[in-house]
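The structure appears right after this line, and notes come after that.
Lettering of chains follows the sequences in order, A, B, ..., and the numbering in each one begins at 1. Just the heavy atoms: all of them, side chains too, but no hydrogens, waters or symmetry mates, feed the values below.
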2 protein chains.
Amino acid sequence: MKPLQNDSLIPLYHQLKERLKTSIDDGQWKPGDKIPSENQLMKEYSVSRNTAKKAIEELVQDGLLYRLQGKGTFVAKPKLQQSLMGLYSFSKVFKEKGLVPKDIVIEIKEVKPSYEIITELQLAEEENVIEMKRLRCVDDEPYVLESSFFPKRVVPDISLLKRVGEISLYDLLEEGLNVVVTRAKEAFEPVLIRSEESEYLQTKEGNPALLLERIAYGSDGVPVEFCRSIVRGDRCRFYTELT
Amino acid sequence: MKPLQNDSLIPLYHQLKERLKTSIDDGQWKPGDKIPSENQLMKEYSVSRNTAKKAIEELVQDGLLYRLQGKGTFVAKPKLQQSLMGLYSFSKVFKEKGLVPKDIVIEIKEVKPSYEIITELQLAEEENVIEMKRLRCVDDEPYVLESSFFPKRVVPDISLLKRVGEISLYDLLEEGLNVVVTRAKEAFEPVLIRSEESEYLQTKEGNPALLLERIAYGSDGVPVEFCRSIVRGDRCRFYTELT
DNA sequence: CAGTGGTCTAGACCACGCA
DNA sequence: GCGTGGTCTAGACCACTGG
């Protein structure tokens, strides 16, 4: 264990913060693990308790750690999952009402990517993608038609994807394929339901809908998923609160 | 100046934080004002410097204060304005492209509120509202049709609202009417352009659009504005980033 | 009871902005 | 040179958790 540089321009608590962060990013400490106490860090790095505390507090602020009085300090679940879950407030609302969400996989296949997908996923030439098309229902009523595209190198074995429905897509990517999504960009705009979509969504062509596009990035910053969703306008309403 | 309660269940830094927050909410300290230094707070409230610092740091975290090394600690602009501005990324995008935003006030009048507006604005019986209808354009092309409703007690003098266009609505409410918006709820859903709207927005009936509804709350938690916007779907795309 | 995090103090040295 | 915030230390007492 290298000591921290006391004469450095970088504050001690910041150096310590980076050390702790590294241990998390490495996977040395996993979500739910207990990390060393303030007292242990104090001795190990020869800093005061307040300095150790400040390093930890910043990581709590960043959402990487959480603390329980009398118990200890623990590694938090990656933040993005919380955000992703949080965004889809309409599905949460359904669950709160006691309705049952259900996903139907329409098809999973290898396809040649369109020009748009090549650029969004930053694909190499001649690289194919895996498309997974799903109909997401609540109480057997469809409300989202969703196509996810993955670079083939990310999902070498298609059969793994078939377990979607049992567990969430992001858990599947993380546990089955060791792909952790750390960042995502989303864009949305209002559109009209098209005839191909109207069949799946059991609604009329020309009805209002939301087109939602998401690019998810892995921990190395490389795009791992491009997802395009059509959400029925008569079945959803999005809420945000500004404080 | 009452001293803080040293034997209280509430931590000293939290008590101090509330005192400081009150001075801001009161309007005693206004945005841009310099607040007392850590040294002054130390003496004034008989606490250690670290305690004063912690109170200030939390308020910085909350976005109410900002600090400049060597200069002092200052009151920040209300956070909501930043968020509200941030949300309308499409208008920002227009500005970055060098396009000119412009608002046209269609009408300002006193009306009897609909049932929906009575409940959203928590109106008393027989209380009228002021409606302001605006067409918001970019480069003389309309992109949002917006109606704001205010309880009459909030805007006793209609003529003030006519200055919208020179300065932003929220600055107007704050400076002219002493109404500070501190919180807002928004909801949106995809809809179709209706015929009344199509004339103003110069687009066809049945085209995709976004219906955006916002309730803005004053510092006392009472609703001060209900706003309903129709945004042209072919002229906007909303972006969010999840990290 | 020992160990944890939560709070608090009294002091110290530093880098920065400004007159 | 002085006041500001930024960092850091050494020590203290507390409330909570668990064995």
*Is there any ring-ring contact (aromatic ring centres under 6.0 Å, His included) pair reaching into residues 49-73 of chain A, and which pairs are they, with sequence neighbours excluded?*
Y66(A)-F74(A)
Pairs under 3.5 angstrom only: tabulate donor-acceptor contacts from the side chains of residues 216-224 of chain A to other protein residues two or more places apart or in another chain.
unit_1: D220(A); atom_1: OD1; unit_2: V222(A); atom_2: N; d: 3.3

*Just by protein heavy atoms under 4.0 Å, how would nucleotides 5-14 of chain C read 5' to 3' in B, S and -?*
BBBBBB-B--
*With sequence neighbours excluded, tell me which residues meet side chain to side chain donor-acceptor pair (under 3.5 Å) with E174(A).*
Q81(A)
Per-pair distances, 0.1 Å, donor-acceptor, side chain in residues 28-38 of chain A, under 3.5 Å, sequence neighbours excluded:
unit_1: K30(A); atom_1: NZ; unit_2: G27(A); atom_2: O; d: 3.1
unit_1: D33(A); atom_1: OD2; unit_2: K30(A); atom_2: N; d: 2.8
unit_1: S37(A); atom_1: OG; unit_2: N39(A); atom_2: N; d: 3.4
unit_1: S37(A); atom_1: OG; unit_2: Q40(A); atom_2: N; d: 3.2
unit_1: S37(A); atom_1: OG; unit_2: Q40(A); atom_2: OE1; d: 3.3
unit_1: E38(A); atom_1: OE1; unit_2: R49(A); atom_2: NE; d: 2.6
unit_1: E38(A); atom_1: OE1; unit_2: R49(A); atom_2: NH2; d: 3.1
unit_1: E38(A); atom_1: OE2; unit_2: K53(A); atom_2: NZ; d: 3.2
unit_1: E38(A); atom_1: OE2; unit_2: R67(A); atom_2: NH1; d: 3.0
unit_1: E38(A); atom_1: OE2; unit_2: R67(A); atom_2: NH2; d: 2.8

*Rounded to the Å, how far apart are Y66(B) OH and dT4(D) P?*
17 Å
*asked:* For T22(B), give me all partners under side-chain contact (heavy atoms from CB on, under 4.5 Å), at least two apart in sequence or on another chain.
replied: D26(B)
